Protein chains: 2
Amino acid sequence: MIDSFRLPKSQERKEKYNSEKQPMSEVEAKRIIREMHLKVTTQRLAILKMLSTANQHFMVQEVYEKIHPNFPEIGFATVYRFLKKLTDHGFVTELRMGGLPSRYELAPTHHHDHMSCTQCGKVVEFENSSIEALQEKVAEQLGFTLTGHVLELYGLCPDCQT
Amino acid sequence: MIDSFRLPKSQERKEKYNSEKQPMSEVEAKRIIREMHLKVTTQRLAILKMLSTANQHFMVQEVYEKIHPNFPEIGFATVYRFLKKLTDHGFVTELRMGGLPSRYELAPTHHHDHMSCTQCGKVVEFENSSIEALQEKVAEQLGFTLTGHVLELYGLCPDCQT
DNA sequence: GTGGATGCAAAGTCTTTGCATTGGG
DNA sequence: CCCAATGCAAAGACTTTGCATCCAC
């Protein structure tokens, strides 16, 4: 039923994120930028590198703050403009929830969904190709071309079922 | 595949919505307002009645414009404030997507999911029991007790595929 | 009567845009 | 060199808040 799953360590995320994952190589970052037919600038490289250092969802504010120390003159407009390009080209996914500002994540190389515990907040990622296939069919029947989806399951994790 | 679905006729919305569905009775509307421990006002009744005349997702702007003719003095703040109350109490669901303003719908008596057009914002509701069943199984395999979910499909609607 | 609700306008947030300047190709 | 990209500031879009007045209860 489940194709795969993985438990992220949500607690240590912020502290550890720099060591959790290798940032995108400069070569890879340049490839992405060129693929969009845009000029390679140090600002854009910095934004891509920053986004790639963690499997997280960043607000523009956070991207800006993270880059600012090494880039005192960078402006919000640059971050917004580049994230928009990345989103339009599918390299980044934009998430909007509640009244919060938009958050962005590098489009994952493999797609996954989330199952969250409403009690302790634990998040488990999973993949299920049957559900994906059904979504495709639903969209087709509605006459839509499916480009993406958000599937979040909520419930109680094993530890919180007491 | 799809158990049911319903296409909103976005163009004729304004003209036709009154005939699409019986508006909520005044008794019912008052019951809802009182259940939230709020005072019953004509503005609140008008908003609830307006929301209930169609199974659609309304922007605050639309709610305001529809009510304004019969209520020349009503303000946006009243609409926002009341929708927030309704949302907090679960009588209304808030939807946010893309860069569009929030849209609101009366909380459905039966569960459904959404397929949204990323271009024009059109939202189609659908139900699919196969997907629901699969979600249940995924949760079970992860050891979770499923209590809810959010499934949003994104894509291009027939009109926006050009 | 009295405290919650309203309308108005002003303030707040997040995002986009205009424009002169900079810098990558 | 030239035009895209940037930084800054101003404008825009949506939403919230402050406050005097109003009106359910």
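The sequence lines fix the lettering, A, B, ..., with proteins before strands; numbering per chain opens at 1. The structure presented is a predicted model; accordingly, all values stated were derived computationally and were not measured.
One interatomic measurement links the two molecules: CE of B:M36 to C1' of C:dG4, which rounds to 14 Å at whole-angstrom precision. Distance, A:F82 CZ to C:dT16 P: 15 Å, rounded to whole Å. One atom, CD of A:E62, and another, P of C:dT15, lie 12 Å apart when rounded to the nearest Å. Atom CE in B:M59 sits roughly 8 Å away from atom P in D:dC14 (whole-Å rounding). Atom-to-atom, CG of B:L38 to C1' of C:dG3 comes out at 13 Å; the value is rounded to the nearest Å. Taking atom NE2 on A:H37 and atom P on D:dA5, their separation rounds to 12 Å, with Å as the unit. Distance CG (B:L83) to P (D:dT15): 10 Å, rounded to an integer number of Å. Atom-to-atom, CD of A:E26 to P of C:dG24 comes out at 12 Å; the value is rounded to the nearest Å.
Side-chain contact annotation: B:T78 with B:Q43, donor-acceptor N/O pair under 3.5 Å absent. Checking B:H57 against B:E105 by side-chain atom types alone, a donor-acceptor pair falls below 3.5 Å.
Of the two residues near DNA chain D, A:I74 and B:V40, the one whose nearest nucleotide lies more 5' is A:I74.
Among the nucleotides D:dC25, D:dA4, D:dC8, the one closest to the side chain of A:A77 is D:dC8. Closest approach to the A:V60 side chain among C:dT15, D:dA5, D:dT15 is made by C:dT15 (side chain taken as heavy atoms from C-beta onward). Nearest to the side chain of B:P101, among D:dC14, D:dT17, D:dA9, sits D:dC14. Distances from the side chain of A:E73 to the nucleotides D:dG7, D:dT16, C:dG25 place D:dG7 closest.
In this structure, B:R44 reaches the sugar-phosphate backbone alone: every heavy-atom distance under 4.0 Å involves primed, P, OP1 or OP2 atoms, never a base. Looking at heavy-atom distances under 4.0 Å, A:Q43 makes contact with sugar-phosphate atoms alone, never a base.
Side-chain N/O atoms of A:R34 and base N/O atoms of C:dG25 include no donor-acceptor pair closer than 3.5 Å.
Residues A:F76 and A:Y64 place their aromatic rings such that the two centres sit under 6.0 Å apart.
Not one side-chain nitrogen or oxygen of A:Y80 sits closer than 4.0 Å to the OP1 or OP2 atom of C:dT16. Listed pair A:T78 / D:dG7 meets the phosphate criterion, a side-chain N or O lying under 4.0 Å from OP1 or OP2. When the side-chain nitrogen and oxygen atoms of B:T41 are compared with OP1 and OP2 of C:dT6, one or more of them lie within a distance under 4.0 Å.
To the nearest 0.5 angstrom, B:S129 atom OG is 9.5 Å from A:L134 atom CG.
Electrostatic pairing of B:R31 and B:E28 counts as a salt bridge here, judged by a charged N lying under 4.0 Å from a carboxylate O.
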